[in-house]
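Note: hydrogens, waters and symmetry copies are ignored here, and every other heavy atom, side chains too, is used.
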Amino acid sequence: MSKTLINVIDREGAVREVEWEPEQSLMETLRDNDFPILASCGGTVSCATCHVFLEKPVVESLSPRTEDELELLEDAEAYNPEASRLSCQIKQCSSLAGINVTLAPEED
Amino acid sequence: MSEESIVIIGAGHAGVQAAVRLTELGWPGRIVLVEEQDGPTYERPPLSKEYLKAGASDEIPALRKEHYFDEKRIERIKGSGVVGLDREARNVTLSDGGQVQYSKLIIATGSQARPLTVPGSDLPGIHLLKTRADAEALRTAMQPGSEVVIIGAGYIGLEVAAAAAALGCATTVLEFQDRVMSRVTSDVVSRHFEELHQEHDTRFVFGTAVTEVRGDGRVQEVVTADGATYAADVVVAGIGVVPRQELAEAAGITVKDGIVVDLDSRTSDPSVYAVGDVTRLIDEENGINRRLESIQSALAQAINAANHIMGQAPARHEVPWFWTVQHGVRLQTAGLRSPDDDVVVRGTPESGHFSVLYLRGGRLAAIDTIAALGDFTAGKKLVASGAHIDTDLAADPANKLTTAVRELVDETR
Ligand SMILES: Cc1cc2nc3c(=O)[nH]c(=O)nc-3n(C[C@H](O)[C@H](O)[C@H](O)COP(=O)(O)OP(=O)(O)OC[C@H]3O[C@@H](n4cnc5c(N)ncnc54)[C@H](O)[C@@H]3O)c2cc1C
Ligand code: FES
């Protein structure tokens with residue numbers, strides 16, 4: 001099986017390629033690769049500290065956001081209806097190879 | 001001189017976060033993470049939530065993958081706890097007799113479930129829920145049709161009650177107080193959750209004290225002070241936790257129902273930090289004196305300990321928050337309420353989605369959101385800002401809480 005590599009753009013704008021392991025959520029991959037997302041709720045849609053932006057076509061290819069995810073996101077300062085997702089809700093999948101993931105700014 | 005090392009006792013939420021933060025900040029020496037339990041690190045919230053559900057996965061999510069620790073050169077000692085702390089020699093003794101030297105020590109030993117102490121408390125069939133092993137044992141014991149008696153209607157007791165009822169167990173909750181979650185929330189929220197559980201056939205008995213557990217070789221019934229008996233195949237005690245402060249206490253570090261720490265997570269010994277459930281944060285200047293059992297607080301304290309060790313300023317102060325999910329209904333709390341606060345209900349409990357605002361001197365001190373996540377982040381910011389709020393505006397769910405905030409901010413400009 002080929003590796004799923006993705007590009008992550010951090011809050012300073014630097015791009016880094018990382019491997020997304022099977023069985024991991026996108027949040028876990030970001031966290032294990034030292035990106036500064038706290039993910040304090042461990043991926044249970046409670047904290048919104050794993051907020052990322054994906055490109056529009058990627059968002060459209062994913063299963064839709066749950067009501068809880070949407071409610072949390074809508075309240076985030078940097079919310080972008082076309083791009084915002086909670087990374088803990090995104091499972092690894094080979095069709096996501098090569099995508100660009102941008103960390104949302106930290107909330108005030 | 002040998003390389004400087006930081007020893008962290010306990011690989012739970014706080015201990016792991018402390019190790020992670022130290023590597024993030026580039027700690028140049030060794031980091032040794034000691035954990036008495038065997039196996040990978042793990043998240044605790046799922047133990048009383050997803051994991052107990054029928055058909056749930058056997059996997060409990062790890063806090064970090066095992067290879068993460070290898071890659072970061074965080075040394076793990078597993079399956080051997082710390083049994084002794086010698087502050088003079090700056091070393092800890094492990095249960096297998098080994099010793100580890102430290103330059104700085106971080107105590108992250110968490111808490112333990114308060115055990116039942118009434119006669120019969122040692123009968124098989126009585127469960128506590130704190131560790132992965134506890135959750136495995138409880139999941140095996142709770143079978144469809146079992147009689148499950150839960151002692152204590154706090155978060156853990158209620159999450160277990162929801163799981164038991166969903167599994168088709170006959171579920172009874174015995175509670176000393178007159179309502180559920182009385183320690184952490186207001187009457188209106190308690191009643192809402194009580195009804196929710198009743199709709200799922202859970203029986204509550206309030207104002208009752210358990211005096212004995214009886215059984216021939218294993219639990220059969222629970223007895224209360226008024227002489228009533230409740231048949232039980234499984235008994236779960238969810239009656240709170242106690243900090244695991246013994247090591248610190250024996251070593252002469254200041255403890256007061258929790259290891260006393262400041263905002264930088266320092267204990268009374270400058271080489272020793274403590275983080276997470278085991279601590280009591282005392283900051284007289286800001287009127288803080290509390291022991292919190294929450295992940296958010298464990299992570300914040302861990303970050304602050306690492307920051308202090310690395311000469312960095314403490315992280316921005318975050319409002320304490322917590323969540324629970326019962327029968328699919330999510331309760332999120334931000335801030336710390338006090339029983340004297342003015343209570344404002346935003347929306348109606350009947351609709352199933354509402355929030356409860358706790359006001360102190362016209363400022364929002366805390367908020368509970370019930371299936372109303374949209375209010376959570378905004379409410380948390382309002383609590384943090386300390387701004388006065390317009391109760392009429394805030395009480396009407398037609399106004400976004402954020403809007404209410406903004407208008408107020410504008411007014412004060
Ligand atoms: C079932 C359950 C559900 C929960 N749900 C939520 C929730 O939804 N939201 C929330 O915010 N909080 C929740 N909590 C509370 C939360 O888990 C704790 O606040 C958090 O785990 C505290 O982190 P900690 O690192 O201080 O302690 P822990 O995570 O308990 O870790 C302490 C670790 O130290 C180890 N240890 C102790 N003594 C020694 C020793 N002498 N030597 C070596 N190792 C030692 C223990 O084995 C343990 O692994 C829940 C707790 C439980 C039990
Ligand atoms: S990790 Fe908390 S919402 Fe994703």
For a 4.5 angstrom cut-off between non-hydrogen side-chain atoms, does A:Glu28 reach B:Lys65? no
What part of [X] is in contact with chain A, defined as an atom under 4.5 angstrom from a non-hydrogen atom: side chain, backbone, both or neither?
X        : answer
B:Lys72  : side chain
B:Ala298 : neither
B:Glu24  : neither

What closest approach, in Å, do [X] and [Y] show between heavy atoms, and which atom pair accounts for it?
X        : Y        : value
B:Leu373 : A:Glu71  : N-OE1, 3.0 Å
A:Glu74  : B:Lys400 : O-NZ, 4.2 Å
B:Phe376 : A:Leu72  : CD2-CD2, 4.4 Å

A:Thr44, part contacting chain B, at a heavy-atom distance under 4.5 Å: both
Examine whether an atom of A:Asp34 lies under 4.5 Å from a heavy atom of chain B, and if so say whether it belongs to the side chain, the backbone or both; otherwise answer neither. side chain
Tell me, with the steps shown, if A:Ser40 and B:Trp321 meet side chain to side chain contact (heavy atoms under 4.5 Å, CB included). CA-CA 10 Å; A:Ser40 41; B:Trp321 68 271; 3.5 Å; yes
I need the B:Gln296 CD to A:Thr49 OG1 distance, nearest 0.5 Å. 10.5 Å
Gap separating the CG atom of A:Asp75 from the NZ atom of B:Lys380, nearest 0.5 angstrom: 10.5 Å
Assess the residue pair A:Val45 and B:Arg330 against the criterion (side chain to side chain contact (heavy atoms under 4.5 Å, CB included)); give the C-alpha distance rounded to whole Å, side-chain angles, the decisive distance to 0.1 Å, and a yes or no. CA-CA 10 Å; A:Val45 201; B:Arg330 175 183 291 279; 4.2 Å; yes
Counting heavy-atom pairs under 4.5 Å with chain A, the top scorer among B:Leu63, B:Val20, B:Thr23 is B:Leu63
Is the side chain of B:Gln332 donor-acceptor paired with the backbone N or O of A:Ser46 at a distance under 3.5 Å, no angle test? yes
Got a donor-acceptor contact below 3.5 angstrom from the A:Arg31 side chain to the B:Arg64 backbone? no
Is it the case that over 12 heavy atoms from other parts of the model lie below 6.0 angstrom from the CD atom of A:Glu67? no
May I ask you to check whether over 12 heavy atoms, not counting those of B:Glu59, lie within 6.0 Å of atom CD? no
Working for side chain to side chain donor-acceptor pair (under 3.5 Å), residues B:His67 and A:Glu21: CA-CA 12 Å; B:His67 64 65; A:Glu21 289 178 41; 3.0 Å; yes
